[in-house]
Amino acid sequence: MPEPADRFTRLRAFEKALYHCATCNYCAVAVWQERGIDGVCATLQAHSPAASYSGKGYLATARALLEGEPLDLTTVAERAFACTTCGNCEAVCPIGMPPTAAVKALRAELVEQDRAPTDAVAVRDAVLTGQNPWGFAAAQGADWQFGLVPHPQPDLWLLPGCAAVHRQPGEARAAAQLLTVIGHDVAWPQHTVCCGAPLAALGFEQAETQQARAFADTVPANVPMAVLGGDCLAHLSATDTAPHSVLQLLHAALHDGRLAVAPRGDSPPPQVVAVQDSCHLSKPHHGLEPLDAPRLLREVLAVLGCEVAQNTAAPRHAVCCGAAGGMAQLHENAARRMAAACLAGAERYGAEALITASPLCGGHLALTAAGQLPVYGICEFIAAHYAVAGPEE
């Protein structure tokens with residue numbers, strides 16, 4: 001029996017685009033060396049090569065549902081919740097199709113109809129009860145701040161994000177220390193409350209609204225916020241919040257003299273590094289393109305005296321590491337294969353370390369690397385290999 005088209009009202013916003021896809025296959029197999037494009041879709045590469053998992057496949061599915069075709073919604077949900085939502089398919093599309101936005105809308109429709117996969121529902125519950133999508137105990141999220149003292153009257157509120165405090169605590173710690181060295185009076189939440197980004201990515205709109213209220217209660221009024229994670233930054237920037245990026249503050253301080261760095265003799269920095277550009281920070285779909293985070297990160301590394309191994313055209317079309325969109329929770333093995341591909345690429349470039357500005361990516365990559373290739377957040381990298389001094393030293 002055909003599915004009533006009015007059950008998928010969110011997809012109506014994309015109706016015009018659904019009939020303009022040229023099925024050119026750019027979103028699946030594009031390779032264009034001069035533009036830094038060497039493959040597009042991590043899901044096709046590491047999870048399933050079936051076209052229904054591609055950008056054009058998601059558009060075709062949305063069109064079929066609006067036309068009332070009798071698709072099996074369990075199968076549709078398996079496909080829709082196997083997307084990393086990285087947005088690379090949109091970045092390479094020559095005619096501006098919105099498959100990532102469409103698949104997010106499709107997820108919300110499936111959630112509303114109680115068709116979300118069991119593992120996705122488990123992520124929702126983990127965020128609402130433990131304040132992180134991995135199911136870690138909430139109390140563990142305070143470990144990163146051991147020995148640090150938040151300023152009682154802060155001029156800057158640091159939001160490390162649950163990815164940093166649970167998966168890359170060294171990055172959260174280094175960020176707080178560096179911002180203090182720069183000259184900020186920094187404070188942070190004593191108990192991490194998720195901003196709701198994982199819920200929004202999976203389409204749990206009602207739960208995300210509930211979480212947003214809980215998060216807002218933890219943020220002091222009239223204190224600027226500095227956000228460490230790209231996923232948190234993209235999510236909060238789409239709301240009434242106007243946060244700063246820690247990367248942006250770090251870049252400014254290195255260039256205006258408020259932060260001086262010198263290589264440590266006891267732990268000299270690597271000369272050649274690779275960069276994993278966060279999809280949240282580099283793909284247009286996530287709304288942070290004006291920040292130009294890939295340029296900022298490379299300019300920070302240049303000040304540090306490091307050579308970046310990859311093609312300068314690579315950031316906009318970097319293939320996802322598998323950390324985002326619920327991929328690491330719902331399809332762990334595929335997500336690990338995605339991360340392994342990124343790590344192998346860094347080693348092919350001859351990199352001695354892999355650097356990222358996103359703890360979501362950094363924690364996922366470090367877990368997969370298991371020490372074979374050092375993986376750093378940019379703040380942790382500076383703390384590990386450089387002596388730092390602020391404006392009054």
Side-chain angles (χ1 to χ4, degrees), residues 127 131-132 138-200 208-254 256 258-259 278 280-281 287-288 290-291 293 296 357-360 362-363 377-380 382-383 388 390-391:
V127 171
Q131 301 303 312
N132 70 89
Q140 178 184 320
D143 292 351
W144 71 273
Q145 55 187 297
F146 179 77
L148 299 179
V149 180
H151 199 281
Q153 294 182 311
D155 66 7
L156 189 67
W157 184 257
L158 172 63
L159 178 67
C162 53
V165 301
H166 287 286
R167 302 293 294 273
Q168 206 175 28
E171 178 72 351
R173 187 178 186 82
Q177 292 170 327
L178 282 172
L179 291 171
T180 301
V181 169
I182 289 168
H184 290 289
D185 297 327
V186 188
W188 49 82
Q190 295 300 290
H191 303 287
T192 299
V193 175
C194 179
C195 69
L199 299 174
E208 191 279 323
T209 299
Q210 174 186 338
Q211 188 62 36
R213 288 194 292 265
F215 172 78
D217 290 340
T218 70
V219 179
N222 303 317
V223 179
M225 184 189 301
V227 180
L228 190 56
D231 49 333
C232 302
L233 187 66
H235 180 64
L236 293 172
S237 295
T239 68
D240 291 336
T241 310
H244 299 288
S245 162
V246 170
L247 174 63
Q248 192 173 28
L249 297 177
L250 184 62
H251 177 275
L254 282 168
D256 65 17
R258 286 177 296 132
L259 181 63
S278 159
H280 289 101
L281 293 173
L288 296 178
L291 176 64
L296 297 183
S358 170
L360 184 65
I378 184 58
C379 296
E380 188 178 23
I382 293 172
V388 299

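- No more than 12 heavy atoms of other residues, nucleotides or ligands lie within 6.0 Å of CD in Q153, so this atom counts as exposed by the packing criterion.
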Task: Verdict with supporting geometry, E380 and R173, side chain to side chain contact (heavy atoms under 4.5 Å, CB included) - done: CA-CA 8 Å; E380 188 178 23; R173 187 178 186 82; over 6 Å; no
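- A distance-only check finds no donor-acceptor pair linking the side chain of S237 to the backbone of A234 [under 3.5 Å].
- With contacts defined as side-chain heavy-atom distances shorter than 4.5 Å, the pair Q131/V193 qualifies.
- With values rounded to the nearest 0.5 angstrom, E171 atom CD is found 8.0 Å from I378 atom CD1.
- No more than 12 heavy atoms of other residues, nucleotides or ligands lie within 6.0 Å of NE2 in H191, so this atom counts as exposed by the packing criterion.
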Open item on the list: side chain to side chain contact (heavy atoms under 4.5 Å, CB included) for W188 and L228? Distances and angles first, verdict last.
Closed with: CA-CA 12 Å; W188 49 82; L228 190 56; over 6 Å; no
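- The CG atom of L288 sits 10.0 Å away from atom CD of Q248, with the distance rounded to the nearest 0.5 Å.
- In this structure, the side chains of P150 and Q190 come closer than 4.5 Å at one or more pairs of heavy atoms.
- Of all heavy-atom pairs between P359 and G229, the closest is CD-CA, 3.7 Å.
- Of the inter-residue distances, the one linking C194 atom SG with D231 atom CG reads 8.5 Å to the nearest 0.5 angstrom.
- Side-chain contact between I382 and L250 is present, with at least one heavy-atom pair separated by less than 4.5 Å.
- R258 and P391 make their closest contact through O-CD, 3.1 Å (heavy atoms, listed as atom of the first residue, atom of the second, distance).
- Taken from CG in D256 to NE2 in H251, the straight-line distance is 10.0 Å, to the nearest 0.5 Å.
- The structure places CG of L254 at 11.0 Å from CG of L296, a figure rounded to the nearest 0.5 Å.
- Residues L179 and L249 are in side-chain contact: their nearest non-hydrogen atoms beyond the backbone lie under 4.5 Å apart.
- The two residues C232 and G161 make their nearest non-hydrogen contact at SG-CA, 3.9 Å.
- Put simply, the side chain of D185 never gets that close to the backbone of D155: no donor and acceptor are under 3.5 Å apart.
- Looking at L156 and P224, their side chains come closer than 4.5 Å, going by heavy atoms from C-beta outward.
- The two residues A176 and V186 come nearest to each other via the heavy atoms O-CG2, 4.5 Å.
- No side-chain heavy atom of D143 sits under 4.5 Å from any side-chain heavy atom of H166.
- Here the shortest heavy-atom pairing between P154 and V223 reads O-CG1, 4.0 Å.
- Within the 4.5 Å cutoff, no side-chain heavy atoms of L158 are placed close to those of H184.
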- [ ] Apply side chain to side chain contact (heavy atoms under 4.5 Å, CB included) to L159 and L236, showing your working.
- [x] CA-CA 11 Å; L159 178 67; L236 293 172; 3.6 Å; yes
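- Of all heavy-atom pairs spanning L247 and A357, the tightest one is CD2-CB, 4.0 Å.
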Task: Verdict with reasoning, H280 to L233, per side chain to side chain contact (heavy atoms under 4.5 Å, CB included) - done: CA-CA 8 Å; H280 289 101; L233 187 66; over 6 Å; no
